[in-house]
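Read the structure below first, then the notes.
Below, each value reflects all heavy atoms present in this structure, side chains not excepted, and no hydrogens, waters or symmetry copies.
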Amino acid sequence: MKTKVMLSVAMVIALSAVAGATFTAGHPTYGTWDNRADGWGQIFTPNAGKILPEGYVVPDTVYLVDWTYAKTDTTTAGDPGDTYLAVYSALTVADMTEATLVGVSTNALEQADFGPSELMTWQFDALELDANTQYAMMFVQYNEEVLQIAKGAVRLTVGNQYTGGGWVRVNEIANDWDGQFQATYIPEPATLSILGLGGLALLRRRRA
């Protein structure tokens with residue numbers, strides 16, 4: 001019986017891995033461009049940029065799992081403090097309000113904890129996004145529980161133009177160079193829950 005239960009668990013895990021296979025998209029040209037920039041954030045499109053695995057067909061709806069930026073290759077620091085990433089449907093800083101907030105990362109990072117050229121990864125709880133829509137990924141900090149956009153919170157290594165958007169700097173978009181980043185997505189997080197529940201039901205039935 002124990003062997004059957006273990007096999008059932010393994011089957012659920014394997015099916016879940018297939019259903020929730022990840023893909024990445026973005027501008028991961030880490031270390032290939034000798035420039036640095038601070039700013040407000042990054043305008044991006046989920047289905048734009050370098051997509052891996054090659055040939056992957058991005059569905060219309062995707063779910064953001066994590067977002068990685070490359071810190072500047074110098075020791076120059078940004079504004080101190082725990083910094084989150086926030087996704088907005090608005091593309092101008094003036095319109096980035098609670099009404100246009102799509103979601104916030106589940107973790108915060110302090111730039112001082114990372115060395116030159118190190119990768120910094122923020123996690124998201126399968127944040128639902130339209131793959132064909134432009135969003136703004138902004139650096140934010142909490143000030144007495146109020147979420148505020150933080151200009152220069154993180155200083156990054158930047159590369160050539162990212163075709164899915166632009167780097168938001170001094171409240172404007174600078175399209176000639178952009179932050180080097182890579183986003184991880186899954187196509188259907190709901191499938192994982194269904195498989196998980198199915199697996200639990202199977203185990204309960206066998207135990208009974």
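Expressed to the nearest 0.5 Å, how far OG1 of Thr22 lies from OH of Tyr63 amounts to 15.5 Å. Taken to the nearest 0.5 Å, the NZ atom of Lys71 stands 11.0 Å off from the CG atom of Leu109. For the atom pair CG of Leu129 and CG of Leu64, the computed distance is 6.0 Å after rounding to the nearest 0.5 Å. In this structure, the separation between OH on Tyr56 and CD1 on Ile51 is 9.5 Å, given to the nearest 0.5 Å.
Linking Ile, Leu, Val, Met, Phe, Trp and Tyr residues whenever their side-chain heavy atoms come within less than 4.5 Å leaves Val58 and Leu52 in two separate clusters.
Heavy-atom minimum distance, Ala183 versus Trp67: CB-CE3, 3.6 Å.
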Ignoring hydrogens and angles, write down the donor-acceptor pairs under 3.5 Å from the side chains of residues 89-105, residues two or more places apart or on other chains.
from   : atom 1 : to     : atom 2 : distance (Å)
Ser89  : OG     : Thr100 : O      : 3.3
Thr92  : OG1    : Asp95  : OD2    : 2.8
Thr97  : OG1    : Ala99  : N      : 3.3
Thr100 : OG1    : Asp95  : O      : 2.8
Thr100 : OG1    : Thr97  : N      : 3.0
Thr100 : OG1    : Thr97  : O      : 3.2
Ser105 : OG     : Leu85  : N      : 3.2
Ser105 : OG     : Asn107 : O      : 2.8

Return all side-chain donor-acceptor pairs below 3.5 angstrom for residues 115-127, not counting sequence neighbours, or 'none' if the list is empty.
from   : atom 1 : to     : atom 2 : distance (Å)
Glu118 : OE1    : Gly115 : N      : 3.0
Thr121 : OG1    : Thr68  : OG1    : 2.7
Trp122 : NE1    : Thr83  : O      : 2.8

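A donor-acceptor pair is defined here as one N or O able to donate and one able to accept, closer than 3.5 Å; such a pair exists between the side chain of His27 and the backbone of Gly179.
When ring centroids are compared, Trp167 and Tyr162 stay outside the 6.0 Å threshold. A centroid separation of 6.0 Å or more is found between the aromatic rings of Trp40 and Phe139.
By the side chain to side chain donor-acceptor pair (under 3.5 Å) test, Thr163 pairs with no residue at all, sequence neighbours left out.
Residue-environment remark: CG (Asp60) stays at or below the threshold of 12 foreign heavy atoms within 6.0 Å.
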